[in-house]
Every structure is written in C-alpha cells, then in structure tokens.
Amino acid sequence: QMQLVESGGGAVQPGGSLRLSCAASGGTLAYYAIGWFRQAPGKEREGVSCINRSDGATDYADSVKGRFTISRDTAKNTVYLQMNSLKPEDTAVYYCAAGLDIICSGYPPEYWGQGTQVTVSS
C-alpha cells in the first residue's frame, strides 16, 4: 500500500513563497498522476494542480495560475508544489493525492496524504 507524506507547509506573510513536497513510500510516484488539493476552514476541498503520468502535462486552478508550479523529481520519488506570491486566501490544508490520469479531470484519487497546513497572514 503506497503512502504519501506532505511536508513544507508553514506560516508565511502575503507575497511570500513555500515549496510543498509529496514523498511516497511503498510505491513509485512516476507511475501515477499526482494532484494537489486544498481545503480551507468551512470550505469544500478543491483541486489546485495536477500533473499526469502519461506526458507530464500540468493543470492549475485559475486562482493559482502563474503563481504555483507543480513538478516531479522521479529520482527522489517526490512531487513538489512551488507556491509564490502567496495570498491570505491560499490559507488551507494542502493534500497530495495519486491515481490514474483521470484524477486530473476530477475523478477521485486512489491515495491521499495526511495534509500540511499553509497559513498566509501578516
């Protein structure tokens, strides 16, 4: 059973940057599409970004386009989410998830991490 572990969250001021990591054990992330999701208090979970397995194509929510970048390091079995120009509305628990390429079209992922808190505040 593959397990995903997120790290890199924390507190940052508006305009700051964070890089989230999603590391896997018991499986190889290169075999999966990887999505980053977030859930803010009182709100539904939303998709933030996705990178597919077949051709590495990426996708982003409109709210983060131009600010966030998803990438893979297959040698480290890790997927990253670089977050720049952070805004208070980016505050949420961020989760990575893995599954077939269709998760980038909204299908439920097979595997989830436990989440990492990102707080953007002055």
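Since the structure is predicted, the reported quantities are computational estimates derived from the model, not experimental observations.
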Applying a strict under-4.5 Å side-chain criterion to I, L, V, M, F, W and Y, I'd like to know whether Tyr95 and Tyr111 cluster together.
no

Ser21: which of Asp73, Thr78, Thr116 passes side-chain contact (heavy atoms from CB on, under 4.5 Å)
Thr78

I'd like to check Leu20 versus Ser7 (side-chain heavy atoms, cut-off strictly below 4.5 Å). Are they in contact?
no

Find out if a path of hydrophobic residues (ILVMFWY) with successive side-chain heavy-atom gaps under 4.5 Å connects Ile103 to Val48.
no

When you measure from the side chain of Arg72 to the backbone N and O of Leu29, does any donor-acceptor pair fall under 3.5 Å?
yes

What verdict does the side chain to side chain contact (heavy atoms under 4.5 Å, CB included) test give for Leu81 and Arg19, after you've listed the backbone C-alpha separation in whole Å, the side-chain angles of each residue and the deciding distance to 0.1 Å?
CA-CA 6 Å; Leu81 184 68; Arg19 188 177 76 161; over 6 Å; no

Which value, rounded to the nearest 0.5 Å, describes the distance between Arg67 atom CZ and Ser17 atom OG?
10.0 Å

dist Lys65:NZ -> Asp59:CG (nearest 0.5 Å) comes out at 6.5 Å

Do Val12 and Phe68 share a hydrophobic cluster, counting only Ile, Leu, Val, Met, Phe, Trp and Tyr and linking them when any side-chain heavy atoms are less than 4.5 Å apart?
yes

Please tell me if the side chains of Ser121 and Pro88 come closer than 4.5 Å, counting only heavy atoms from C-beta onward.
no

NZ or CZ of Arg45 within 45° of Trp36 ring axis and under 6.0 Å
no

Hits for ring-ring contact (aromatic ring centres under 6.0 Å, His included) against Tyr80, two or more places apart or cross-chain, chain-then-number order -> none

Do Gln3 and Ser25 have side-chain heavy atoms sitting under 4.5 Å apart?
yes

Would Tyr94 and Met83 satisfy side chain to side chain contact (heavy atoms under 4.5 Å, CB included), going step by step from the backbone distance to the final call?
CA-CA 11 Å; Tyr94 284 71; Met83 306 187 297; 3.9 Å; yes

Thr119 (side chain) donor-acceptor with Thr91 (main chain) under 3.5 angstrom
no

Examine distances only and state if a side-chain atom of Gln13 and a backbone atom of Ser122 form a donor-acceptor pair shorter than 3.5 Å.
no

Pairs where residues 27-39 contributes a residue and the test salt bridge (Lys or Arg N to Asp or Glu O under 4.0 Å) is met, not counting sequence neighbours
Arg38-Glu46, Arg38-Asp90

Considering all heavy atoms, the nearest Ala30-Thr74 contact
CB-CG2, 4.1 Å

Atom CD of Glu6 and atom CD of Gln117: how far apart are they, to the nearest 0.5 Å?
12.0 Å

For the hydrophobic clusters of this structure (ILVMFWY residues joined by side-chain heavy atoms under 4.5 Å, transitively), does one cluster hold both Ile51 and Phe37?
no

Rounding to 0.5 Å, atoms CD1 (Ile34) and SG (Cys50) come to a distance of 8.0 Å

Under the 3.5 angstrom rule, does the side chain of Asn52 hit a backbone N or O of Ala33 as a donor-acceptor pair?
no

By side chain to side chain contact (heavy atoms under 4.5 Å, CB included) - contacts of Thr69 (at least two apart):
Tyr60, Gln82

Check whether Met2 and Val79 end up in the same hydrophobic cluster, where Ile, Leu, Val, Met, Phe, Trp and Tyr are linked by side-chain heavy atoms less than 4.5 Å apart.
yes

If you measure from CD1 on Ile70 to SG on Cys104, what distance do you get to the nearest 0.5 Å?
7.5 Å

